[in-house]
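Accompanying notes for the structure given below.
Whatever order the structure lists them in is the order used to number ligands and atoms, beginning at 1.
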Amino acid sequence: MEPSIPWQTVALTTTLLTLLTTLYLLRIRYLPHLRTIPGPFLSSILPLDRLRTVASGAAMSHHLHLHRTYGPLVRIGPHHISFSDASLIPLIYGISTKFWKSDWYRLFDIKTPGGPASTIFSERSEDVHRVSKRPIAGAYSMATLRELEPMCDDCSAIFMRKMEGFAEGGGAVDLGAWVHWYAFDVITSITFSNRVGFMEQETDVQGIISAIEGRLFYNSIVGQMPWLHDYLFGNSFVPWLTSFIPAVKALNSSRFIVEFAAQNLRRYQNKEFNTVELRDMLDRFKRFKDGEVVMSDDQLLTHAVSNIFAGADTTAISLRAIFYYLCRTPAAYKRLIAEIDEADAKGELSDPVTFTESQNLKYFQACIKEALRMHPAVGLLLERLVPAGGAQITTDLFLPSRTIIGMNPWVAARDAEVYGSDVETFRPERWLEADEKQLRLMERNFLAFGAGARTCLGKNISLLEMGKLVPLVLRRFEFEFVGVDGKGREWELWDYWFVRQTGVICKVRRREKRGL
Ligand code: HEM
C-alpha cells in the first residue's frame, strides 16, 4: 500500500503557499513610489487585466474610462503607468528624452538573412536609433517627397477611375477598403517604384493586409508581457509547430511581411523597376558615403519593412476618418465643398490637385487635423522606460527605473481642458478659432503622429497623400455614409495598436455641374 501524505502536511503546505503568494502580491501592490498611484486593484498586482483590456480590441475606450475615473496618472499594471497630463509630454517624449522605448517594441524586430534586426520603429536604444536614422531622414523630408508627387498622382488617377465606375453603377462602395488599397499602392510606388496593384486587382494582393493585421493582433497582446514572446513566435520551434495550424500561422506573419519587402527589394536590386530614374525612397536612402558602404542590404531591408508596416494602414485609417466624419457632419462637409469649389472657380486647383494647392485650403487642413484628433491611428500606450536611477516625474512623484510609462494618443486627443468641452464632436473650426497660446497647447497634445525623438518619420508622406487625394475626390464626387446595413449602421473599431475601422460603406455619386 502507498504511504498517504498526512492531511496536516497538505493543509500546512497550502496555507504556506497561499501566504507566500499573498505576501508576494502585496509586495508588488505596495512597491515603493508606485503604491500611491491610483488604479484598479487587480491591475496593480497582475498583468492579466492589461492583457484582457488589449485583447478586447477596445483599449482606447478603456484607457479613457480609467483616466476619467482615477485622474491624470493611473497604475494600469504592476510596473505600468498611463498618464493623461500633457505637460509631461516633453519630459517623456521630447527630443533629448532619457525615456527610451520599452520592450513592447521588441516584438516588431524582424529576421533578416543576416539575423535578427531592429527596425527604425522598433529600435529601443536612442543612441542606435540616431545613427540608423541619419542616412534615411532626408528621404522622408517634404522637399524630397514633393518630387514623388507624380507617383501619388498615378494612384489617384486609378482611384478616380474606379469611383467613376461605382458612381455610374449607383451602388454602395466599401470606401474603407478602397483607401486601404490606395495607400498600399502609393507606399509601394514611392518605396520601390513598384505599384503592386491593389486597386487594379481590387484585392489584398498576396494577403499582405491580412498578414499585417494578424501580426498586430499578436504583438499588441503578447507585447503586454514581452517575455512571453520568447516562448511563442520569438523562437524557431513554435513557429515551425504552428505552421501546420492555419489560424495560428496567420498570427506569425512577420516573416511573410519581411519576404514581401525582400521580394520587392530583390527586384529593385536586379533593376527590374525603373527606380533610379524615378528616384524612389530606396534610391534616396544614402547607402554610401565617400565611397564607403554605410548601410548593408539587411539594413535596407529593415527600412523597406518599416515603410510597408507603418505606412499604409495608418494613412488608410486617417483617410477613413476624414471621409467618415465629413459624411457624419453635414455642416463641415458643406463648408469644405464650398471652400474647394471657390478655389476651383478661382483656378487655384489643378487636376490633379498639387500638394501646395491643398495646403492653401485652410478649412480642409483643419478637417485633416480634426479627423486625426477624433481618430488617432494608434490606440495603445506609446510605452517608454524610466531611465536608470529613476526619474522625478512631478514634484510629488518619483518613478523607479524600469517602470513603464506612456500616453495613449486617444487620451491626449480627448483632453477637455485643451480642446474644450465638445471634445467628442468633430469640429474643424476649433483649429481655426484658437488663439496662438491655445493652438500651441492643442499642438502639444496632438499625439496622432507621436512626438519628439520618435515622432512619425512618414508624417509628410501621409500628409501628401491625404492632402492630394481628398480635394480631388470631393471635387468630383459626393459621398453618403450608409454603413454595412445600408441604413447608416455605425462603423466598428478594432484597437490592436492601429485602431482599424470596418463598415465604412458609402454611396458615391458624381456631383452635379462638375464638368471635370
Ligand atoms: C496618417 C498616417 C500616420 C500616422 C497617424 C502615423 C503615426 C505614427 C505614430 C503615432 C508613431 C510613433 C509611434 C511611437 O512613438 O511608438 C509613428 C512612428 C513611425 N511612423 Fe508613422 N504614422 C503615419 C504614417 C506613416 C508613414 C506613411 C510611414 C512611412 C512610410 C510611417 C513610418 C513611421 C516610422 C518609421 C515610425 C518610427 C519613427 C521612429 O521611431 O523614429 N508612418 N507613426
Side-chain angles (χ1 to χ4, degrees), residues 60 89 92-95 97 99-108 118-126 128-134 136-137 139-142 144-145 148 151-152 179-180 182-184 186-192 219-220 223 261 280-282 284-285 302-322 368-369 371-385 404-410 412-413 446-467 469-470 497-500:
M60 74 294 187
I89 290 176
I92 312 290
Y93 300 114
I95 288 291
T97 184
F99 293 69
W100 292 4
K101 283 191 171 181
S102 74
D103 257 4
W104 182 85
Y105 292 89
R106 184 161 70 84
L107 277 73
F108 286 83
S118 63
T119 66
I120 197 81
F121 169 76
S122 71
E123 178 54 52
R124 271 80 68 208
S125 156
E126 285 300 314
V128 175
H129 175 262
R130 212 169 300 121
V131 175
S132 311
K133 189 171 163 180
R134 210 169 291 144
I136 60 166
Y140 291 89
S141 75
M142 195 42 104
T144 302
L145 291 167
L148 300 178
M151 297 194 195
C152 216
V179 293
H180 211 163
Y182 167 80
F184 257 105
V186 174
I187 202 70
T188 50
S189 294
I190 65 176
T191 305
F192 314 106
N219 283 12
S220 304
D280 58 27
M281 295 190 74
L282 287 187
R284 288 166 199 261
F285 291 161
T302 67
H303 298 317
V305 170
S306 270
N307 273 18
I308 300 296
F309 224 124
D313 290 70
T314 45
T315 308
I317 287 169
S318 305
L319 279 168
R320 278 183 211 130
I322 296 172
I368 297 185
K369 208 86 201 212
L372 267 68
R373 184 192 70 78
M374 289 297 287
H375 191 106
V378 168
L380 294 183
L381 253 55
L382 309 180
E383 289 187 5
R384 300 295 188 264
L385 213 52
I404 289 165
I405 183 164
M407 194 178 201
N408 186 324
W410 280 66
F446 192 76
L447 277 195
F449 289 109
R454 305 303 293 267
T455 200
C456 176
L457 206 51
K459 177 178 168 181
N460 291 332
I461 300 180
S462 54
L463 290 178
L464 183 90
E465 285 181 61
M466 296 186 289
L469 183 73
V470 178
W497 180 242
F498 294 151
V499 187
R500 189 169 52 85

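Aromatic ring centres of F309 and F121 lie farther apart than the 6.0 Å criterion allows.
Given atom 7 (C) of ligand 1, the protein heavy atom at minimum distance is A448 O, 3.3 Å. If you check which protein heavy atom lies closest to atom 13 (C) of ligand 1, you get F121 CE1, 3.9 Å. In terms of protein heavy atoms, atom 28 (C) of ligand 1 is closest to G458 CA, 3.4 Å. The protein heavy-atom contact nearest to atom 32 (C) of ligand 1 is A310 CB, 3.6 Å. The protein heavy-atom contact nearest to atom 11 (C) of ligand 1 is F449 O, 3.9 Å. Scanning the protein for heavy atoms near atom 1 (C) of ligand 1, the closest one is S318 OG, 3.1 Å. Among all non-hydrogen protein atoms, the one lying nearest atom 23 (C) of ligand 1 is T314 OG1, 3.3 Å. Protein heavy atom closest to atom 38 (C) of ligand 1, with residue, atom name and distance, is T455 O, 3.6 Å.
The side-chain hydrogen bond (donor to acceptor under 3.5 Å, both in side chains) test with Y105 singles out one residue from E123, R384, R454, and that residue is R384. Exactly one of L464, T144, N307, I461 qualifies for a side-chain contact (heavy atoms from CB on, under 4.5 Å) with I190. That residue is I461.
The closest approach between a heavy atom of E383 and any atom of ligand 1 is not below 4.0 Å. Using a non-hydrogen distance threshold of 4.0 Å, W497 registers as a contact of ligand 1. The closest approach between any non-hydrogen atom of Y105 and ligand 1 is below 4.0 Å.
At least one N or O atom of R384 sits closer than 3.5 Å to an N or O atom of ligand 1. The shortest N or O to N or O distance between R454 and ligand 1 is under 3.5 Å. Backbone and side-chain nitrogen or oxygen atoms of I187 are examined, and none is located within less than 3.5 angstrom of a nitrogen or oxygen of ligand 1. The distance criterion of under 3.5 Å between nitrogen or oxygen atoms is met by H129 with respect to ligand 1.
The proximity of C456 to ligand 1, defined as any non-hydrogen pair under 4.0 Å, involves the side chain as well as the backbone. By the criterion of a heavy-atom distance under 4.0 Å, neither the backbone nor the side chain of E465 is placed next to ligand 1. Counting heavy atoms closer than 4.0 Å to ligand 1, residue L382 contributes side-chain atoms (C-beta onward) but none from N, CA, C or O. With a heavy-atom cut-off of 4.0 Å, E123 does not touch ligand 1 at all.
A distance-only check finds a donor-acceptor pair linking the side chain of T97 to the backbone of I92 [under 3.5 Å]. Y93 contributes a side-chain N or O that, together with a main-chain N or O of L382, makes up a donor-acceptor pair within less than 3.5 Å. In this structure a side-chain-to-backbone donor-acceptor pair under 3.5 Å is present from W410 to P376.
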### Task
Please report the C-alpha distance between S220 and L380 in whole Å, then the side-chain angles of each, then the deciding distance to 0.1 Å, and finally whether the side chain to side chain contact (heavy atoms under 4.5 Å, CB included) criterion is met.
CA-CA 8 Å; S220 304; L380 294 183; 3.9 Å; yes

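The shortest non-hydrogen separation linking S318 to L372 is CB-CD1, 3.7 Å.
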